[in-house]
Amino acid sequence: MVVAVLMPEVVALGEPLVQFNAVTDGPLRHVTYFEKHATGTEANVCVALVRLDVSCGLITRLGADEFGLFIYNWLRGEGVDVSHVKFDPERPTGIYFVQRNYPIPGVSDVLYYRRGSAASALGPDDVDPDYVSGARVFHTTGITMAISDTARSAAFKCLEVARSKGVTTSFDVNYRRKLWANVDDAINVLSKALNFADIVFLDEDEANLLLGISAIDDVFRELRSKFGINRAVLKLGLKGSVAYWEGRIVKVDAFRVPVKDPIGAGDAYAGVFLASILRGHDVEKAMRRASAAAAMVVMVRGDEENLPREGDLRRFLEGYGRQVDLR
Ligand code: KDG
């Protein structure tokens with residue numbers, strides 16, 4: 001009997017993490033209660049995709065520990081393909097803590113405990129080229145490029161395989177200062193990654209870091225001329241987002257909502273944007289849906305809880321700013 005193995009439409013590579021989010025605001029030394037959440041940028045993107053019925057698989061390593069099982073059960077429960085998730089008996093699952101609204105209101109700070117984690121031992125041997133080449137899109141981020149040399153090599157292997165097999169590559173710059181030994185390393189590696197990217201997500205600070213500019217037209221021009229990138233989304237926070245998409249520039253406003261914790265907004269944006277493009281929405285509609293999802297996730301602690309299914313995404317878009325009676 002021949003068993004057909006269904007390949008996910010999207011394959012991602014990166015480190016899931018357990019997040020301990022401060023229940024109360026202020027410096028962590030005074031926080032007593034933390035709430036446990038399943039997170040990690042590429043894992044969040046996978047969950048955003050599967051909630052919108054786009055199949056996704058994650059290549060990663062988890063510790064063979066309670067937190068590894070917590071993440072594994074989360075991914076599996078959501079319907080993410082876990083056939084390329086390995087358990088590492090030697091290394092722990094990475095964790096981090098979130099401090100909210102201190103010292104800057106509306107901004108969260110993170111404290112990582114992930115050095116030597118299971119996912120930091122990811123390497124090229126963890127990448128099955130057939131798995132990557134069977135997808136329509138491969139997605140990773142600058143965080144995976146930063147966590148270790150071996151994880152970076154795994155990410156470049158995926159990007160190379162994807163590129164050589166005609167799989168669209170999606171790259172979120174996701175610069176995290178605390179994960180890099182120095183800024184020059186970050187600039188070198190992230191710039192190298194841009195050479196392999198078909199779709200890029202970045203914000204103004206990241207544009208400044210990598211291109212030395214943040215004016216919208218200049219950013220898109222430089223991405224095109226230096227890296228050959230024809231599909232890029234520049235996220236502008238409360239000012240919305242703007243995309244350069246195959247010759248067109250499209251701008252979409254942000255949705256203003258009460259913010260509990262801004263972490264995870266970028267992943268919601270990337271995941272819902274990719275899902276929407278893959279399901280045939282035009283770029284403007286994909287951006288509106290992505291902005292809505294980003295707004296939804298920042299209304300709660302944790303990155304993934306408010307990632308919407310199709311019905312709730314539509315309800316948000318139809319109801320935003322209106323007096324709606326849900327009875
Ligand atoms: O984008 C949100 C992520 O930053 C968060 O889930 C933690 O993946 C994470 C990281 O590595 O910082």
Side-chain angles (χ1 to χ4, degrees), residues 12-22 34-49 56 58-63 67-68 70-71 74-75 78 80 85 92-100 107-122 139-148 151-152 154-155 170-180 186 189-190 193 200-203 205-206 233 235 237 241 259-274 290-291 293-307:
L13 171 93
E15 175 165 36
L17 295 163
V18 178
Q19 176 194 87
F20 290 94
N21 203 312
F34 292 89
E35 210 174 58
K36 175 162 117 319
H37 297 270
T39 67
T41 176
E42 293 90 353
N44 292 339
V45 167
C46 286
V47 171
L49 283 154
C56 184
L58 182 67
I59 304 170
T60 196
R61 281 178 168 263
L62 296 168
F67 291 150
F70 168 58
I71 297 281
W74 167 56
L75 294 171
E78 292 293 339
V80 174
V85 175
T93 305
I95 67 168
Y96 71 112
F97 292 81
V98 177
Q99 170 174 294
R100 292 182 305 109
V107 175
S108 293
D109 197 2
V110 297
L111 210 70
Y112 292 124
Y113 291 84
R114 68 193 304 180
R115 195 164 298 145
S117 68
S120 69
L122 270 167
H139 176 80
T140 194
T141 78
I143 291 176
T144 304
M145 296 282 170
I147 57 175
S148 70
R152 179 182 308 163
S170 161
F171 185 70
D172 187 335
V173 173
N174 255 351
Y175 173 61
R176 299 286 186 272
R177 182 179 47 79
K178 291 179 180 175
L179 297 179
W180 292 94
V189 173
L190 295 172
V200 170
F201 300 92
L202 76 175
D203 65 23
D205 290 342
E206 291 164 343
V233 179
K235 293 169 289 174
S241 55
V259 177
K260 277 258 164 52
D261 174 15
I263 296 178
D267 303 336
Y269 192 108
V272 172
F273 181 84
L274 291 173
S291 300
M296 291 169 89
V297 303
V298 302
M299 292 193 287
V300 290
R301 294 190 289 268
D303 302 358
E304 59 96 14
E305 286 75 0
N306 276 16
L307 286 170

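Ligands are counted one by one from 1 in listed order, and the atoms in each one are counted from 1 as well.
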Which residue and atom name correspond to the protein heavy atom nearest [atom], and how close is it?
atom	result
atom 6 (O) of ligand 1	D303 OD2, 2.6 Å
atom 7 (C) of ligand 1	Y96 OH, 3.2 Å
atom 12 (O) of ligand 1	Y112 OH, 2.6 Å
atom 1 (O) of ligand 1	D267 OD2, 2.7 Å

For a quick test of reading the model, state the closest non-hydrogen atom pair linking [X] to [Y] and the distance between them.
X	Y	value
I147	A119	CD1-O, 3.9 Å
G142	L190	CA-CD2, 3.5 Å
G116	P92	O-CD, 3.7 Å
D261	R301	CB-CA, 4.2 Å

For ligand 1, which part of [X] has a heavy atom less than 4.0 Å away: the side chain, the backbone, both, or neither?
X	answer
N44	side chain
R176	side chain
T41	both

Notebook entry, point to check: Heavy-atom distance under 4.5 Å between the side chains of D303 and H37, does that happen here?
Noted result: no
Notebook entry, point to check: Heavy-atom contact under 4.0 Å between R114 and ligand 1?
Noted result: yes
Item checked: Residue-ligand contact G40/ligand 1, heavy atom below 4.0 Å -> yes
Check: Going by atom types alone, do T141 and E42 pair a side-chain donor with an acceptor below 3.5 Å?
Finding: yes
Note to self: K235 and salt bridge (charged side-chain N to carboxylate O under 4.0 Å, His left out): which single residue from D267, D172, D203 fits?
What the structure shows: D172
Notebook entry, point to check: Taking atom CD of E35 and atom CD of E305, what is their separation to the nearest 0.5 Å?
Noted result: 7.5 Å
Item checked: Per-atom contacts of ligand 1 with L17, taking only distances under 4.0 Å to non-hydrogen atoms -> 7 (C), 8 (O), 9 (C), 10 (C), 11 (O)
Check: Hey, which atoms in ligand 1 end up nearer than 4.0 Å to a heavy atom of T39?
Finding: 6 (O)
